Amino acid sequence: MNKHTLYTISALIIILGVYGYDYFLNENEKAEIVSEGTSIKKDTNEYFLPTSTTNQVIHHNGYSLSYSEPHEQAEWVAYELKKSHLSNTNHKRPYFEIDNTVKTGAANWRNYRNSGYDRGHLCPAGDRRYNKSAHDETFLTSNISPQKHDFNSGIWNKLEQKVRYWASKYDGVFVITGGILTKNMKTIGDEAVSVPNQFYKILIDNNTGKTKMIAFLMPHKESNKPLYRFVVSVDTIEKLTGIDFFPELDDVIENKLEASSSYKGWSFD
DNA sequence: CTGATTAGC
DNA sequence: GCTAATCAG
């Protein structure tokens, strides 16, 4: 065998090793490896990920999250909602599954049974309807938080629909959402899943030329108020959560945008 | 859209 | 335990 042939065969073995390994991993294992930083997501999503106060960031295909073990839920879930993601396809609702990529053990969905609380999506199933696997991926227990049904199907649902409206109008938005996790919260189930007293949602639009942000902070109760009444500054949510949002943004821009509680530039029609 | 619950195998 | 059908805000 000559040298050239040897090099070619060696190269093929290396390529097979790299891609073959990836091919045989299931989705959970892939997510785990990404969370360990041995693989890097090259899309724009990663740019806008907040810091983690719990040191457990997990990347799924359709969203990323930071899991809080003491509260048995995510402190934030982040994802890009592109205009192209918007879809009217109906998928059959799957079962909730324990997220096995959470090393400390994600909550069992049974904690919610007979609790009086919904398994409220953080990344809504309605935002991941572009294909079945993306849709089903939102039914992991790392993506849910206890929510009162009238809140979830009421004002919170209105906000989620407004996000989809903005994603369409502004050619995509980046979304970060979660419950405000504090000490001494009410809990449900054997694993003591915390029930947040407030929920937040932060949006950034970096697609229409001028970067803009908007943040919402809602008490965990149904309301008939208009959505704009819940607008706060990102700084307000950072103070409540200890999370640094948009750390990769230029500091001058970040400071200015995060201090603002103006909703100028966001159409509420 | 957001969800839960019941009946049946 | 899982699935389909049904119901509710």
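Nothing here was measured: the structure is a model prediction, and the numbers come from that model.
Comparing A:R110 and A:K92 by the nucleotide of DNA chain C that holds the closest heavy atom to each, the one mapping nearer the 5' end is A:R110. Heavy-atom nearest nucleotides on DNA chain B were determined for A:R119 and for A:R164, and the one closer to the 5' end corresponds to A:R164. Residue order along DNA chain C, read from the 5' end via each residue's closest nucleotide, puts A:W109 first among A:W109 and A:N157. In terms of position on DNA chain B, the residue among A:Y112 and A:T89 whose nearest nucleotide sits closer to the 5' end is A:T89.
Within 4.0 Å (heavy atoms only), A:R129 reaches sugar-phosphate atoms of the nucleic acid but no base atom. As judged by a 4.0 angstrom heavy-atom cut-off over every strand, A:G120 is placed among residues touching the sugar-phosphate backbone only. Using a 4.0 Å heavy-atom cutoff across all strands shown, A:D150 reaches no nucleic acid atom at all. No engagement by A:Q147 is indicated, since no non-hydrogen atom pair under 4.0 Å with the nucleic acid exists.
Reading DNA chain B from its 5' end, the first and the last nucleotide to sit under 4.0 Å from a heavy atom of chain A are B:dC1 to B:dA4.
If you check the side chains of A:D244 and A:T51, you find no donor sitting under 3.5 Å from an acceptor. Looking at A:Q73 and A:S68, their side chains never bring a donor and an acceptor atom within 3.5 Å of each other.
Note on ring orientation: taking the six-membered ring where Trp is involved, the planes of A:F245 and A:Y200 are perpendicular (angle over 60°, cut-offs 30° and 60°).
Straight-line distance from the CD1 atom of A:I98 to the C1' atom of C:dG1: 14 Å, rounded to whole Å. When the C1' atom of C:dA8 is taken as reference, atom CZ of A:R93 falls 13 Å away, rounded to whole Å.
For the pair A:D118 and A:K148, the salt-bridge criterion is not met [side-chain N within less than 4.0 Å of a carboxylate O].
A:P196 has its side chain out of reach of A:I180: every pair of non-hydrogen atoms, C-beta onward, lies at least 4.5 Å apart.
A:P94 and A:H135 make their closest contact through CD-CE1, 3.8 Å (heavy atoms, listed as atom of the first residue, atom of the second, distance).
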